[in-house]
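For ligands, and for the atoms within them, numbers begin at 1 and follow the listed sequence. Please read all numbers here as calculations on a predicted model, not as lab measurements.
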Amino acid sequence: MRANSNARTGGEVLVDQLLTHGARHAFCVPGESYLAVLDAFYDRDLKVTVCRQEGGAAMMAEAVGKLTGRPGICFVTRGPGATNASPGVHIARQDSTPMILFVGQVARETRDREAFQELDYRAVFGSMAKWATEIDAVERIPEIVSRAFYTATNGRPGPVVVALPEDMLTERVAVADARPFEPIETWPGLTDMTRLQKLLWAAERPIVLLGGSRWSQPAWAAMGRFAEKFQIPVATTFRRAHLFDATHHCYAGDLGIGPNPKLLARIKSADLIVLVGGRLGELPSQSYTLLGIPGPQVKLVHVHPGAEELGRVYRPDVAINAAPTAFAAALEGLEPPREIRWRGEAHAAHADYLAWSEAPTEIPGAVNLGEIMVWLRNELESDAILCNGAGNYSGWIHRFYRFRHFTTQLGPVSGSMGYGLPAAVAAKRLYPDRTVICFAGDGCFLMNGQEFATAVQYELPIVVIVVDNGMYGTIRMHQEREYPKRVSATALRNPDFAAYARAFGGFGASVETTAAFAPAFEAARKSGKPAILHLKLDPEAITPAITLGAIREKALARQSG
Ligand SMILES: Cc1ncc(C[n+]2csc(CCOP(=O)(O)OP(=O)(O)O)c2C)c(N)n1
Ligand SMILES: [Mg+2]
């Protein structure tokens with residue numbers, strides 16, 4: 001067996017560990033610092049995606065972590081490669097996504113001289129990664145890579161950074177592969193579930209909020225059955241809408257930025273909140289105003305796989321240290337009270353959600369993004385994957401699209417721009433048979449627009465919808481609210497994005513009216529190529545609910561009043 005021959009370089013041992021632990025994909029930008037790894041890629045069964053910038057590569061690896069629940073793998077070179085990759089590491093941190101970033105490092109004998117592109121990765125990534133380390137001895141590769149897989153996935157998942165001294169990777173060693181890692185399940189105890197059952201039996205107006213990671217298809221299904229059995233309203237939190245079927249009659253909607261006021265009122269009037277998997281961070285908590293800190297004014301059951309997250313911000317009445325996967329399975333053992341006092345509430349909550357999301361709002365201009373979302377939700381297969389970055393354009397997805405399956409949404413909870421395109425490339429690499437759509441603002445798209453070349457290189461027919469309003473719209477919105485009429489550093493002069501697509505070898509079309517969208521979308525799909533649809537959105541259409549001008553007028557009135 002290879003494992004016991006002494007023919008392997010450090011690079012080969014490393015790649016063999018990844019395969020042993022079940023990795024099938026790696027995303028990289030090459031560097032001379034890890035040539036021995038590139039060489040090991042040459043004849044091993046790992047699908048390598050070579051990218052155009054490390055930010056994109058790291059976000060692709062993060063997206064794999066989000067989709068599979070197993071660490072996404074990224075390789076970058078030292079100094080500039082590592083710093084370029086940092087946005088992906090930050091997303092994995094905030095979004096609780098398992099990911100391993102391998103970084104080339106200078107040779108051991110030159111360390112600490114600030115050799116070419118040398119950085120101390122433990123220090124650089126110390127506050128961003130769950131664990132940042134360096135492999136000093138080639139024979140310890142199996143041990144450290146195994147630990148990286150366990151660390152990235154256990155408790156609250158997150159990013160691990162492993163630096164690889166160049167000379168360590170070329171050393172030959174006889175070492176056995178580690179045994180495949182097994183993700184550690186975190187089960188709720190019987191007492192936990194009994195306490196939850198008691199709170200549910202005593203509740204008048206309970207509601208469930210879903211978020212975080214460590215979900216699975218069976219957990220998704222079990223949560224649907226629990227909601228049904230208990231007739232309990234279930235809302236999803238910011239960019240986690242795919243955790244519950246939007247067409248389920250208990251679905252209460254999406255608790256993100258600018259949520260349905262009726263959903264907010266429902267949560268505020270609840271007497272029991274069961275928060276599963278998430279942290280109820282700044283955005284879903286409406287800037288930490290929804291629940292009292294540290295003591296919520298309502299009974300709170302907080303279920304989270306990371307013990308360190310329980311009681312960190314909100315003091316729960318019952319803290320359950322469990323992964324959503326295990327918790328959802330344990331829910332099957334709970335019985336609803338004989339008489340459900342809140343009967344009718346789930347239907348009412350779902351009716352509120354439907355009323356909020358059913359019909360697109362009127363917005364200025366010839367393109368109505370709401371109508372396009374409604375068309376897409378009727379048209380797309382229910383397992384289509386929708387990706388996006390950060391920007392006001394995403395508000396239309398969150399409000400009007402209906403996520404009906406687990407792993408159909410890839411969006412940065414961390415609010416990182418530029419995420420949509422790399423996420424779409426990764427999703428299509430993993431699932432060639434699923435429809436993958438990327439939404440990006442004009443600002444967002446050009447943060448990682450170079451990865452369109454990666455889509456072309458790997459022949460990935462994704463459809464990218466660039467929503468062009470000629471500005472960093474979100475910031476302009478905040479600007480008009482705080483400093484009306486003083487527009488500063490938020491305007492953008494944009495390229496012809498359709499021509500951009502064609503120049504890269506993809507399909508491109510401009511869409512200037514709502515009616516032109518459907519035929520352009522069909523043509524994009526028919527082309528079989530990666531495609532960009534350049535959507536011209538009126539800058540006044542800043543959200544589905546309010547115009548830019550109205551925000552400015554309100555601010556001016558406030559100033560003069
Ligand atoms: C990497 C990164 N840089 C800056 C920001 C701050 N930011 C949030 S939204 C936004 C503007 C987004 O512009 P665009 O993609 O055009 O979307 P729009 O808001 O216009 O719909 C900016 C600059 C961010 N969230 N992420
Ligand atoms: Mg914009």
Side-chain angles (χ1 to χ4, degrees), residues 53-59 62 83-95 128 238-239 256-258 281-283 287 361 363-365 367-370 372-373 386-401 411-424 438-452 464-483 487-497 500 510-511 532-549 551-552:
Q53 213 261 20
E54 291 84 355
M59 289 183 199
E62 195 279 347
T83 51
N84 273 352
S86 61
V89 178
H90 179 252
I91 298 168
R93 167 76 183 212
Q94 287 235 310
D95 291 31
M128 213 190 293
F238 187 54
R239 297 200 170 132
I257 301 173
E282 182 170 351
L283 299 188
S287 303
T361 53
I363 55 171
V367 168
N368 186 326
L369 195 47
I372 290 171
M373 292 315 306
L386 268 66
C387 313
N388 63 269
N392 269 28
Y393 68 90
S394 66
W396 278 269
I397 310 172
H398 303 324
R399 177 154 170 186
F400 295 110
Y401 194 72
V413 174
S414 74
S416 182
M417 287 170 71
Y419 181 75
L421 181 56
C438 161
F439 280 88
D442 44 337
C444 213
F445 178 77
L446 280 181
M447 282 212 174
N448 276 316
Q450 72 284 347
E451 300 309 337
F452 194 72
V464 182
I465 299 168
V466 177
V467 184
D468 177 4
N469 55 5
M471 59 183 178
Y472 287 122
T474 311
I475 310 308
R476 172 76 183 276
M477 173 183 73
H478 293 304
Q479 205 161 55
E480 293 285 3
R481 198 190 56 230
E482 300 300 325
Y483 304 96
V487 179
S488 166
T490 49
L492 293 173
R493 180 171 164 176
N494 285 316
D496 175 343
F497 291 107
Y500 176 107
S510 295
V511 175
I532 295 180
L533 300 180
H534 183 173
L535 221 69
K536 308 275 176 64
L537 190 70
D538 190 316
E540 272 299 306
I542 196 67
T543 78
I546 192 166
T547 64
L548 195 57
I551 291 174
R552 184 192 307 129

Student: Within the structure, does Tyr472 bring an N/O atom to less than 3.5 angstrom of an N/O atom in ligand 1?
Tutor: no
Student: Looking at ligand 1, does any of its N/O atoms fall within less than 3.5 Å of an N/O of Gly473?
Tutor: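 Yes, Gly473 has an N/O under 3.5 Å of an N/O on ligand 1.
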Student: Does some non-hydrogen atom of Val467 fall short of 4.0 Å from ligand 1?
Tutor: no
Student: Hey, what's the ring geometry for Phe445 with Tyr500, parallel, tilted or perpendicular (30° and 60° as the breaks)?
Tutor: perpendicular
Student: Do you see an N/O/S atom of Asn469, backbone or side chain, under 2.8 Å from the Mg ion (ligand 2)?
Tutor: yes
Student: Side chain or backbone, does Tyr393 bring an N or O within less than 3.5 Å of an N or O on ligand 1?
Tutor: yes
Student: Consider every N or O of Met471 and every N or O of ligand 1, then say whether any pair is closer than 3.5 Å.
Tutor: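 N/O-N/O distance under 3.5 Å: yes.
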Student: Give a yes/no on ligand 1: does Arg476 have at least one heavy atom closer than 4.0 angstrom to it?
Tutor: no
Student: Would Thr474 count as a contact for the Mg ion (ligand 2), in the sense that one of its N, O or S atoms lies under 2.8 Å from it?
Tutor: no
Student: Nearest non-hydrogen atom to atom 12 (C) of ligand 1 belongs to which of His90, Met417, Met447, His478?
Tutor: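 The nearest heavy atom belongs to Met417.
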Student: If the contact criterion is a heavy-atom separation under 4.0 Å, does Gly415 count as touching ligand 1?
Tutor: yes
Student: Is the distance from the Mg ion (ligand 2) to some N, O or S atom of Asp442 under 2.8 Å?
Tutor: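 An N, O or S atom of Asp442 is closer than 2.8 Å to the Mg ion (ligand 2), so yes.
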